[in-house]
Amino acid sequence: MVNPSNHQLEKHIRQSSANSVNVAFVKHAWSQMRARHVNQAMVMEVLRMGRMHRLPEPDIRFSGLKCRMEHFVSGMNVAVVVAVEYPQPGITVVTVIDITKG
């Protein structure tokens, strides 16, 4: 696997999420979205316009890297954690966090 920079990963996530066909959600992500009153449109906006403020991490459950995108959307600071296999276009939403509540 290529070791991309944070900027390259942000750009990759934004470009991949431009087409929703490239975005998959795990069951846990749907559950967290319901619990936190975050809808799919909000998640997609975070992926398309968000920033990575934390370093990506490897994840034993997914190959590739786990990246956390953050963005203020619909009155909430939302973080979306995605699994990315750079440079493949598919991304998987792992969880969604309302960081407004800290």
Side-chain angles (χ1 to χ4, degrees):
M1 182 173 104
V2 179
N3 290 323
S5 69
N6 286 359
H7 178 72
Q8 287 173 311
L9 284 168
E10 269 186 8
K11 185 177 177 181
H12 175 72
I13 292 167
R14 288 186 187 128
Q15 289 175 339
S16 294
S17 64
N19 186 345
S20 60
V21 169
N22 294 325
V23 182
F25 291 77
V26 298
K27 188 176 181 180
H28 175 76
W30 288 114
S31 173
Q32 295 305 305
M33 288 166 62
R34 275 190 301 280
R36 294 176 169 108
H37 307 288
V38 175
N39 62 35
Q40 187 173 354
M42 292 166 69
V43 169
M44 297 306 289
E45 183 174 332
V46 171
L47 295 177
R48 293 173 181 156
M49 303 184 72
R51 298 290 314 259
M52 277 183 18
H53 297 289
R54 297 180 180 205
L55 293 174
E57 304 172 355
D59 189 349
I60 58 173
R61 291 170 289 169
F62 300 94
S63 58
L65 295 170
K66 191 168 60 172
C67 302
R68 178 174 160 158
M69 297 288 282
E70 299 177 12
H71 186 64
F72 188 78
V73 58
S74 298
M76 298 171 62
N77 279 314
V78 177
V80 178
V81 178
V82 294
V84 178
E85 285 193 51
Y86 185 85
Q88 302 300 320
I91 57 178
T92 303
V93 177
V94 177
T95 194
V96 176
I97 306 160
D98 176 1
I99 54 178
T100 303
K101 295 183 179 182

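For the residue pair Phe72 and Glu45, the shortest heavy atom distance occurs at O-OE2, 4.5 Å. Taking all atoms of both residues into account, the shortest heavy-atom contact from Val93 to Val43 is CG2-CG1, 4.2 Å. Taking each heavy atom of Leu9 and Cys67 in turn, the nearest pair found is CD1-SG, 4.0 Å. For the pair Thr95 and His28, the tightest heavy-atom approach, listed with the atom from each and the gap, is OG1-NE2, 3.2 Å. For the pair Met42 and Val73, the tightest heavy-atom approach, listed with the atom from each and the gap, is CE-O, 4.0 Å. Looking at every heavy atom in both residues, Ser17 comes nearest to Val23 through CA-CG2, 3.8 Å.
Atom CG of Asn6 sits about 14.5 Å away from atom NZ of Lys11, to the nearest 0.5 Å. Expressed to the nearest 0.5 Å, how far NE2 of His71 lies from CD1 of Ile99 amounts to 11.0 Å. Rounded to the nearest 0.5 Å, atoms CD1 (Ile13) and CE (Met52) are 6.0 Å apart. Interatomic distance, CD1 of Ile91 versus CD of Gln15, reported as 11.0 Å (0.5 Å rounding).
Proximity of a side-chain donor or acceptor of Asn22 to a complementary backbone N or O of Ser16 within less than 3.5 Å is detected. Looking at Arg14, its side chain does come within 3.5 Å of a backbone N or O of Gly50 through a donor-acceptor pair. A donor-acceptor contact shorter than 3.5 Å links the side chain of Gln8 to the backbone of Ser5.
Looking at Asp98 and Val78, their side chains never come closer than 4.5 Å, going by heavy atoms from C-beta outward. Considering only heavy atoms from C-beta on, Lys27 stays 4.5 Å or farther from Ser31 through its side chain. Between Lys66 and Pro58, the closest side-chain pair of non-hydrogen atoms is not below 4.5 Å. A 4.5 Å side-chain heavy-atom check between Glu10 and Met69 finds at least one atom pair inside the cut-off.
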side-chain contact (heavy atoms from CB on, under 4.5 Å) between Met33 and Gln40: does it pass, once the steps are laid out?
CA-CA 8 Å; Met33 288 166 62; Gln40 187 173 354; 4.3 Å; yes
Might you work through the side-chain contact (heavy atoms from CB on, under 4.5 Å) test for Val26 and Thr92, ending with a clear yes or no?
CA-CA 7 Å; Val26 298; Thr92 303; 3.6 Å; yes
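Linking ILVMFWY residues whenever their side-chain heavy atoms come closer than 4.5 Å, directly or via other members, places Val80 and Trp30 in the same cluster.
Salt-bridge annotation for Glu70 and Arg51: absent, with no side-chain N of the basic residue lying under 4.0 Å from a carboxylate O of the acidic one.
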